[in-house]
Asks: 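Supplied in structure tokens, the structure appears directly below.
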Amino acid sequence: MYSYDEPVYLISVVAKILEIHPQTLRQYEKEGLIEPGRTDGKMRLYSQRDIDKIKTILRLTRDMGVNLAGVDIILRLKEKLDELDTLNEELRSNLQKKSHTSSTGVSVKKSSYELIVFKKFK
């Protein structure tokens with residue numbers, strides 16, 4: 001079984017799965033929205049993570065009418081939130097370790113950010 005991040009899908013397979021033209025995938029790459037892996041022969045290979053990211057891009061563009069520049073901003077903000085969430089978890093873990101030794105009774109609540117895309121009503 002392949003890992004979530006392992007690039008294994010050819011561009012034609014991804015285009016068929018997502019029902020989009022391969023040129024759309026090339027455009028997303030040109031815009032810097034996705035970075036598929038490459039074989040030694042320079043063929044694009046996509047991971048399951050790439051496919052999920054493309055699905056998010058399609059929801060934003062098709063359902064919400066966001067242009068590619070807006071999609072780029074949204075994806076960068078989500079990435080930054082994820083980084084901050086990871087840092088927050090590390091700090092909370094350190095705080096918990098310290099609180100176990102000092103018994104300060106500090107309560108720690110886990111938070112998580114998820115990009116939720118709502119359909120546009122017509």
Side-chain angles (χ1 to χ4, degrees):
M1 189 74 186
Y2 298 107
S3 76
Y4 187 64
D5 292 311
E6 190 170 352
V8 293
Y9 301 101
L10 293 170
I11 190 169
S12 58
V13 174
V14 175
K16 187 171 184 174
I17 289 170
L18 299 176
E19 299 177 349
I20 59 176
H21 197 279
Q23 191 62 37
T24 303
L25 295 169
R26 291 185 194 99
Q27 180 67 29
Y28 292 169
E29 182 182 2
K30 182 180 174 186
E31 295 288 333
L33 299 175
I34 56 173
E35 291 183 40
R38 298 281 183 156
T39 65
D40 291 337
K42 304 294 183 195
M43 292 178 62
R44 291 172 178 86
L45 290 177
Y46 297 84
S47 67
Q48 187 60 50
R49 182 179 305 278
D50 293 328
I51 291 173
D52 290 344
K53 189 172 185 180
I54 295 164
K55 286 178 183 178
T56 300
I57 294 168
L58 291 171
R59 279 193 302 270
L60 289 167
T61 56
R62 289 178 178 172
D63 298 341
M64 301 195 67
V66 179
N67 65 22
L68 293 182
V71 169
D72 184 44
I73 291 169
I74 291 168
L75 293 177
R76 287 177 192 261
L77 286 171
K78 184 189 178 306
E79 185 177 304
K80 190 65 173 174
L81 282 172
D82 290 343
E83 289 173 12
L84 291 171
D85 221 16
T86 300
L87 177 61
N88 192 22
E89 284 301 312
E90 290 172 9
L91 293 171
R92 287 175 189 224
S93 177
N94 289 340
L95 183 61
Q96 278 184 331
K97 287 176 187 174
K98 289 181 181 180
S99 70
H100 285 296
T101 58
S102 65
S103 300
T104 59
V106 175
S107 174
V108 177
K109 180 182 175 191
K110 182 180 179 184
S111 67
S112 175
Y113 298 98
E114 183 177 330
L115 181 61
I116 300 173
V117 179
F118 297 96
K119 278 192 166 182
K120 187 176 180 181
F121 292 102
K122 294 181 181 181

Asks: Cluster question for you: counting only ILVMFWY and a side-chain heavy-atom cut-off of under 4.5 Å, with indirect links fine, are L45 and M43 together?
Replies: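 Yes, same cluster.
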Asks: Can you check whether Q27 reaches L68 side chain to side chain, under 4.5 Å on heavy atoms?
Replies: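 The answer is yes; the side chains approach within 4.5 Å.
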Asks: In a table with atom names and distances, give each donor-acceptor pair under 3.5 Å that connects a side chain of residues 19-26 to protein atoms at least two apart or in another chain.
Replies:
| residue | atom | partner | partner atom | Å |
| --- | --- | --- | --- | --- |
| H21 | ND1 | Q23 | N | 2.9 |
| Q23 | OE1 | R26 | NH1 | 3.2 |
| T24 | OG1 | H21 | O | 3.4 |

Asks: Going hydrophobic residue to hydrophobic residue with side-chain gaps under 4.5 angstrom, can you get from L77 over to I57?
Replies: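 Hydrophobic grouping puts L77 apart from I57.
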Asks: Step through the shown structure and confirm whether more than 12 heavy atoms of other residues, nucleotides or ligands are within 6.0 Å of CZ on R38.
Replies: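 Counting neighbours around CZ of R38, more than 12 heavy atoms of other residues, nucleotides or ligands fall under 6.0 Å, so yes.
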Asks: Please determine whether residues L10 and I17 belong to a single hydrophobic cluster, defined as Ile, Leu, Val, Met, Phe, Trp and Tyr linked transitively by side-chain heavy-atom distances below 4.5 Å.
Replies: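 Yes; tracing contacts between hydrophobic side chains, which count when under 4.5 Å, links both residues.
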Asks: What's the spacing between L87 CG and D82 CG if we round to 0.5 Å?
Replies: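 Going from CG on L87 over to CG on D82, the span is 12.5 Å.
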Asks: Keeping S93 on the side-chain end and E90 on the backbone end, is there a donor-acceptor pair under 3.5 Å?
Replies: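 The answer is no, because no donor-acceptor pair under 3.5 Å joins these two groups.
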Asks: Spell out, as yes or no, whether a donor-acceptor pair under 3.5 Å connects the side chain of K55 to the backbone of L18.
Replies: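 Side chain of K55 to backbone of L18: no pair is present.
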Asks: Picking from T56, D63, T61, what satisfies side chain to side chain donor-acceptor pair (under 3.5 Å) with R59?
Replies: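 Testing R59 for a side chain to side chain donor-acceptor pair (under 3.5 Å) against T56, D63, T61 leaves exactly one candidate, T56.
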Asks: Assigning hydrophobic clusters by single linkage (Ile, Leu, Val, Met, Phe, Trp, Tyr; side-chain heavy-atom cutoff under 4.5 Å), is L84 placed with I74?
Replies: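 Shared cluster, no.
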Asks: Quick one: do I34 and V13 end up in the same hydrophobic cluster if we chain Ile, Leu, Val, Met, Phe, Trp and Tyr together by side-chain heavy atoms under 4.5 Å apart?
Replies: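 They do share one cluster, since a chain of ILVMFWY contacts under 4.5 Å joins I34 to V13.
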Asks: Given side chains that start at C-beta, do those of L75 and K53 come closer than 4.5 Å, heavy atoms only?
Replies: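 With C-beta onward as the side chain, the pair touches.
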Asks: Check whether any side-chain heavy atom of D72 sits under 4.5 Å from a side-chain heavy atom of L33, and report yes or no.
Replies: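 Sidechains of L33 and D72: in contact.
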Asks: Taking side chain to side chain contact (heavy atoms under 4.5 Å, CB included) as the test, write out the residues that go with Q48, two or more places apart.
Replies: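 Q48 satisfies side chain to side chain contact (heavy atoms under 4.5 Å, CB included) with Y4, Y9, I51, D52 only.
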Asks: Measure from the side-chain N and O atoms of D50 to the backbone N and O of S47, and report whether any donor-acceptor pair falls under 3.5 Å.
Replies: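 Between the backbone of S47 and the side chain of D50 there is a qualifying donor-acceptor contact (under 3.5 Å).
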